[in-house]
Amino acid sequence: MTTSSKPLSHSQPWLHQKGEVIQEFGTVKQFPLGLSYEARMYSCQRLNKVLADTQILYGLYKKHHWLLRGATFYQLHLLLDKHAGEQLELVDTLAERVQTLGGVAVGDPRHVAEITSIPRPPDGVEEVPAMLSRLLEAHETILIDAHDAATRTAELGDDGTNDLMVSQIIRTGELQAWFLAEHLVDTPLVRS
């Protein structure tokens with residue numbers, strides 16, 4: 001082992017770096033994708049809106065997963081965690097689609113909060129039916145937007161974004177909404 005009085009400049013990290021923004025949010029760079037600038041710009045705007053709402057939905061799933069109470073705690077705890085994981089996969093898929101089109105995916109939670117249309121929940125703990133209803137309302141917000149975005153991006157010839165909206169966002173959202181809604185059914189007691 002050798003000791004040197006000279007610092008090894010190549011092993012020291014360059015800390016506290018700041019850089020210039022090299023692409024602004026809301027812009028798209030040119031990629032050879034066979035899609036017009038207008039189509040890519042429109043798709044990125046729609047994708048970022050769904051991405052912001054999906055990030056909020058993921059956060060709601062995790063919050064409610066942690067705060068559940070009552071007789072169905074275990075089953076719902078597992079279900080909400082499963083749904084959260086599926087939403088997290090959608091977040092990544094949406095962000096990568098924005099990047100693929102040459103755009104800039106919304107990623108900072110403070111920016112997401114500015115873009116989302118999903119209402120903020122209370123900071124405290126709600127009753128379980130209210131939590132499930134809040135998740136269902138968030139799903140519906142995303143599904144309405146995704147249906148419209150799928151139609152409009154198809155009209156612009158962006159089959160990739162249309163496919164993502166239909167095969168992943170809509171199908172996953174509808175299935176998860178079904179599972180949640182069935183927990184809110186008031187089933188009659190069987191009397192003998």
Side-chain angles (χ1 to χ4, degrees), residues 21 23 25-26 43-101 103-150 153 160-187:
V21 173
Q23 184 180 354
F25 181 80
S43 291
C44 285
Q45 290 169 349
R46 296 304 297 268
L47 286 159
N48 268 320
K49 175 67 173 69
V50 174
L51 174 57
D53 289 343
T54 301
Q55 289 180 67
I56 295 297
L57 179 57
Y58 165 75
L60 285 175
Y61 265 115
K62 289 308 285 188
K63 176 184 178 171
H64 297 329
H65 159 80
W66 297 319
L67 302 179
L68 282 168
R69 310 279 161 81
T72 60
F73 166 79
Y74 186 69
Q75 296 87 346
L76 282 174
H77 182 76
L78 295 177
L79 179 67
L80 297 186
D81 200 37
K82 176 183 181 292
H83 284 193
E86 293 167 355
Q87 289 298 317
L88 188 57
E89 287 180 26
L90 292 177
V91 165
D92 195 52
T93 301
L94 286 160
E96 287 177 353
R97 181 67 188 163
V98 171
Q99 296 301 129
T100 298
L101 293 172
V104 177
V106 60
D108 182 77
R110 294 161 295 193
H111 193 189
V112 167
E114 293 170 3
I115 295 173
T116 190
S117 54
I118 295 175
R120 181 179 175 164
D123 292 335
V125 180
E126 292 179 287
E127 295 174 348
V128 172
M131 289 185 207
L132 298 180
S133 290
R134 187 173 297 282
L135 290 167
L136 282 169
E137 289 165 10
H139 271 294
E140 187 172 34
T141 297
I142 292 168
L143 287 167
I144 289 169
D145 197 26
H147 280 288
D148 184 63
T153 57
T161 298
N162 169 273
D163 179 59
L164 168 60
M165 290 294 172
V166 173
S167 68
Q168 295 183 54
I169 305 303
I170 293 171
R171 287 194 181 142
T172 301
E174 288 174 346
L175 188 62
Q176 289 183 350
W178 171 48
F179 272 76
L180 293 174
E182 290 298 338
H183 282 275
L184 294 174
V185 172
D186 186 20
T187 55

Self-check item: Among L51, L164, L88, the one residue meeting side-chain contact (heavy atoms from CB on, under 4.5 Å) with T93
Solution: L164
Quiz item: Looking at A177 and L136, what are the two nearest heavy atoms and their distance?
Solution: O-CD2, 3.3 Å
Practice problem: Could you pull out the closest heavy-atom pair between A149 and M165, with the gap in Å? | Solution: CB-CE, 4.2 Å
Quiz item: Which heavy atom in L60 sits nearest to a heavy atom in P121, and how many Å separate them?
Solution: CD2-CG, 3.5 Å
Quiz item: Is the side chain of D53 donor-acceptor paired with the backbone N or O of S117 at a distance under 3.5 Å, no angle test?
Solution: yes
Quiz item: So, does Q99 use its side chain to make a donor-acceptor pair with the main chain of A105 at under 3.5 Å?
Solution: yes
Quiz item: If you look at every heavy atom in L90 and Q168, which pair is closest and at what distance?
Solution: CD2-CB, 3.9 Å
Quiz item: What is the minimum heavy-atom distance between M131 and E126, and which atoms define it?
Solution: CE-O, 2.9 Å
Practice problem: Answer yes or no: is there a donor N or O on one side and an acceptor on the other, between the side chain of R46 and the main chain of D145, under 3.5 Å? | Solution: yes
Quiz item: Distance-only, no hydrogens or angles: does the N48 side chain make a donor-acceptor pair with backbone N or O of V104 under 3.5 Å?
Solution: yes
Quiz prompt | Contact summary for Y61 and A84, nearest pair of heavy atoms | solution = CB-CB, 3.7 Å
Quiz item: Has the side chain of Q55 got a donor or acceptor atom that lies under 3.5 Å from a matching backbone atom of V106?
Solution: yes
Quiz item: Quick one: CD on E174 to CH2 on W178, what's the gap to the nearest 0.5 Å?
Solution: 12.0 Å
Quiz prompt | Short side-chain to backbone donor-acceptor contact, T116 and V112, under 3.5 Å | solution = no
Quiz item: E127: what forms a side chain to side chain contact (heavy atoms under 4.5 Å, CB included) with it, not counting sequence neighbours?
Solution: P129
Quiz item: Above 12 or not: heavy atoms from other molecules or residues under 6.0 Å from CD of E140?
Solution: no
Practice problem: Answer yes when R110 and E114 have at least one side-chain N-carboxylate O distance shorter than 4.0 Å, and no when they do not. | Solution: no
